[in-house]
2 protein chains.
Amino acid sequence: MLSLATIKDVAKRAGVSIGVVSRAFNNYPDISEKTRQKILKVAEELNYTPNLVAKNLSSKKQLTIGLITSGILDSSQKDSVNSIEVFKGVYTAIEEKEYELAIYLIDSNKQKRKSYAQFCRERNIGGTILQGIRTDDPYFKELINTNIPCVLIDFHLNNHTPLIGNVSINNIEASRKITELVLEQNHRRIAIMAGKKAAYVNNERLRGVREAFAAFGLQLHEEDILYGQFLEQAAYEETKKYLEKHRPTAIIAFSDIMAIGVMKAIKEAGLQIPEDVSVTGFDNIPITEFTQPPITTVQQNFFELGRQAALHLQEIMEGRAKGKQVVVDYKIIERDSVKPL
Amino acid sequence: MLSLATIKDVAKRAGVSIGVVSRAFNNYPDISEKTRQKILKVAEELNYTPNLVAKNLSSKKQLTIGLITSGILDSSQKDSVNSIEVFKGVYTAIEEKEYELAIYLIDSNKQKRKSYAQFCRERNIGGTILQGIRTDDPYFKELINTNIPCVLIDFHLNNHTPLIGNVSINNIEASRKITELVLEQNHRRIAIMAGKKAAYVNNERLRGVREAFAAFGLQLHEEDILYGQFLEQAAYEETKKYLEKHRPTAIIAFSDIMAIGVMKAIKEAGLQIPEDVSVTGFDNIPITEFTQPPITTVQQNFFELGRQAALHLQEIMEGRAKGKQVVVDYKIIERDSVKPL
DNA sequence: CTGTTAGCGCGTTCAC
DNA sequence: GTGAACGCGCTAACAG
């Protein structure tokens with residue numbers, strides 16, 4: 001039986017007014033312990049629990065948080081793990097503080113019908129986490145011009161306001177470290193399988209590569225930077241084309257999924273990994289452990305990324321902090337895809 | 001600027017009452033085309049869009065659907081793909097019809113704080129999809145005793161009411177087919193790596209195995225049924241123990257993740273796959289393509305499972321259908337983990 | 001400490 | 001066709 005008891009029922013049965021019931025449930029101090037107990041007891045009997053929709057409408061407090069994610073609907077099953085880990089982290093942190101979660105998934109192939117700001121307004125959303133969004137997305141620009149607090153995962157805004165925070169690993173450093181690892185093994189003919197030119201993390205990682213190169217007195221040439229769009233197939237094709245004219249001893253990929261495409265092309269060219277060509281990835285998706293050979297990569301803790309994003313957003317929403325940059329740890333995982341020269 | 005225009009603003013500016021605006025937005029027929037156009041134009045100018053929270057509260061129609069999932073928070077990254085595919089399917093089907101989605105994730109290790117019925121009541125949820133829930137879960141029992149329509153993914157209820165539907169592949173048949181495939185390769189000493197005894201799909205698949213055995217004039221012995229709890233580690237340990245006393249030529253696993261544990265134990269026993277022992281999986285998670293050897297398995301379309309669940313739930317909620325059993329296609333994927341004897 | 005009342009933004013009768 | 005008025009279930013200010 002779904003007999004939805006309302007605040008009125010509780011009030012009547014407890015012999016008080018609805019105002020008191022409301023205050024009892026919201027832990028107001030100005031209420032006698034005796035009536036509070038009485039009310040809670042009656043509520044228990046009636047199996048009453050406040051209706052969140054009504055609460056949301058009447059309360060001035062914002063109690064729902066948005067999660068706007070692009071690229072999950074159209075991503076490969078192989079790396080959708082990342083998104084779900086982020087989601088789990090966000091969910092965990094939000095549930096703990098009894099916020100509500102509203103999810104908006106953007107299919108980057110389709111034209112999105114509704115603006116992000118509109119999505120938020122319609123649902124009384126008090127703050128939102130964004131992931132996989134492009135900085136030049138007009139809807140994104142519109143959103144950050146509202147006064148809705150935002151936390152960005154894996155990207156960053158230059159002119160950030162106190163309402164905008166962001167969370168990521170130190171991509172420059174991670175990229176530099178894994179490049180150094182390759183360089184230290186005496187590789188010099190190195191190609192980079194980058195992602196999308198416009199992507200923030202892409203440029204950060206490129207910068208890390210350049211720093212590592214510079215530390216070794218080397219320079220990164222444009223022709224050795226391939227763009228695989230963070231896609232397996234594109235990475236495969238780009239590598240194939242590249243191998244027709246070049247013979248690198250190592251390829252550094254900016255995502256595991258691209259590393260897999262890279263490895264496929266290398267093998268098809270009759271080359272061995274890591275004997276002929278070393279390969280590195282980025283993210284540490286589960287498959288990297290099972291490929292031939294297992295891939296040396298950068299482990300990102302996506303759960304923590306999501307969790308920290310939700311935590312920081314709550315800080316901003318509750319006025320406990322201004323938007324800042326939160327950095328999450330990463331870890332280099334050495335497996336068998338890199339071999340000294 | 002977040003200037004949240006309300007229905008009042010539109011009404012005032014269009015020179016009509018809020019009732020008319022509401023009717024214009026909800027496609028009432030009894031409104032002149034002229035004023036409807038006028039209202040839509042003004043709404044556009046004001047960037048107005050109805051507040052869903054208020055709509056949800058005032059409307060008698062149910063416009064949000066729940067998704068209650070257990071086992072995603074505590075599942076391995078390796079097979080959380082399944083859950084996210086289901087989620088994507090559900091999301092896609094729900095968004096299309098402009099329902100709202102409310103997600104409730106249950107950590108099967110922790111004691112859940114809130115009953116499913118309560119979760120639904122608090123949010124005015126009109127119907128819900130359940131996944132990974134145990135039939136003997138008291139909260140589940142409570143929920144199906146309300147009049148909230150439910151669609152169950154991958155499990156089933158005997159005394160089902162017109163408000164309860166369920167979606168899954170034909171597990172008996174799929175299990176029978178893959179067992180036959182092993183049997184046809186002349187394997188006779190076969191062990192089964194089953195999941196959890198209480199799980200619905202587990203028993204269905206067990207039944208499929210028995211049917212296949214019977215068709216070959218064989219019988220399945222209890223001692224050859226191992227229970228790996230749908231976990232890699234448990235499957236590994238059970239296999240290890242089993243191999244100390246038995247020497248099967250094939251092991252049929254009820255999930256890919258368990259097949260991976262099984263394969264690890266086989267390799268550690270100094271045996272080769274498939275030369276010494278053939279192995280099959282179930283689900284077709286991405287990793288199966290990369291293991292050594294790639295695993296022969298049953299492909300489930302989890303996206304479709306989720307999508308059909310949401311579609312069927314909407315039918316029930318809208319009174320267009322009674323709860324029924326929806327069956328989704330599966331496919332046997334033959335790779336290299338099975339070898340004829 | 002408690003009751004009353006006015007909203008929150010919208011859907012929905014019921015008159016006109 | 002349209003407007004006025006009530007109600008959804010709750011919070012929050014105000015009075016007492």
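Below, chains carry the letters A, B, ... as their sequence lines are ordered, and counting in each starts from 1.
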*Where along residues 29-39 of chain B does a heavy atom come under 4.0 Å from DNA chain D, residue by residue in number order?*
Asp30(B), Ile31(B), Ser32(B), Thr35(B)

*Would you say the ring centroid of Phe155(B) lies under 6.0 angstrom from that of Phe140(B)?*
yes

*Check the distance between dG9(D)'s P and Lys61(A)'s NZ and give it to me in whole angstrom.*
21 Å

*Quick one: is Ser22(B) getting a side-chain N or O under 4.0 Å of the dG11(C) phosphate, OP1 or OP2?*
yes

*Could you check how far CD of Glu122(A) sits from C1' of dC10(C), rounded to whole Å?*
13 Å

_On the nucleotide dT11(D), are OP1 or OP2 found under 4.0 Å from the side-chain N or O atoms that Ser58(A) carries?_
no

*Measure the CG-OG1 distance between Leu73(B) and Thr92(A) for me, rounded to the nearest 0.5 Å.*
4.5 Å

*Could you check whether Val21(B) gets within reach of a base, just the sugar-phosphate, or nothing at all, counting any heavy atom under 4.0 Å?*
nothing

*Side-chain donor/acceptor of Tyr104(B) to backbone N/O of Lys114(B), under 3.5 Å*: yes

*Ser83(B) and Ser80(B) side chains, donor-acceptor separation under 3.5 Å*: no

*What is the distance from CG of Leu63(B) to C1' of dG11(C), rounded to the nearest Å?*
11 Å

*asked:* Heavy atoms from C-beta onward define the side chain here; which of dG11(C), dG9(D), dA12(D) lies closest to that of Ile18(B)?
replied: dG11(C)

_d(NZ, Lys8(B); C1', dA4(D)) in whole Å_ = 14 Å

*asked:* In whole Å, I'd like the distance from the CG atom of Asn27(A) to the P atom of dA12(D).
replied: 13 Å

_Passing option when Ile94(A) is tested against Thr64(A), Leu313(A), Leu311(A), Ile65(A) for side chain to side chain contact (heavy atoms under 4.5 Å, CB included)_ = Ile65(A)

*Looking at residues 48-55 of chain A, who's got a heavy atom less than 4.0 Å off DNA chain D?*
Tyr48(A), Pro50(A), Asn51(A), Ala54(A), Lys55(A)

_Phosphate-side-chain proximity, Asn56(B) and dC10(C), N/O vs OP1/OP2 below 4.0 Å_ = no

_Phosphate OP1/OP2 of dT2(D): any Tyr28(B) side-chain N/O under 4.0 Å_ = no

*dG9(D), dG3(C), dC10(C): which one has an atom nearest the side-chain heavy atoms of Leu57(A)?*
dG9(D)

*asked:* Under a plain distance cut-off of 3.5 Å, with no hydrogens placed, do Ser108(A) and Asp74(A) share a side-chain donor-acceptor pair?
replied: yes

*Taking the side chain of Ile7(A) as heavy atoms from C-beta outward, which of dG3(C), dA12(D), dC10(D) is closest to it?*
dC10(D)

*Look at all strands and tell whether Asn26(B) reaches a base, only sugar-phosphate, or nothing, counting heavy atoms closer than 4.0 Å.*
sugar-phosphate

Under 3.5 Å, sequence neighbours excluded: what are the donor-acceptor pairs made by side chains of residues 16-26 of chain B?
residue	atom	partner	partner atom	Å
Arg23(B)	NE	Gly19(B)	O	3.0
Asn26(B)	ND2	Ser22(B)	O	2.8

*asked:* Rounded to whole Å, please give me the gap between NZ in Lys60(A) and P in dA6(C).
replied: 17 Å

*Any Lys/Arg nitrogen of Glu122(A) or Lys55(B) sitting under 4.0 Å from an Asp/Glu carboxylate oxygen of the other?*
no

*asked:* Using the side-chain heavy atoms of Arg23(B), tell me which of these nucleotides is nearest: dT11(D), dG3(D), dG9(C).
replied: dG3(D)

*Can you say whether the rings of Phe87(B) and Phe87(A) are parallel (under 30°), tilted (30 to 60°) or perpendicular (over 60°)?*
parallel

*Rounded to the nearest angstrom, tell me the gap between atom NZ in Lys12(A) and atom P in dC10(D).*
14 Å

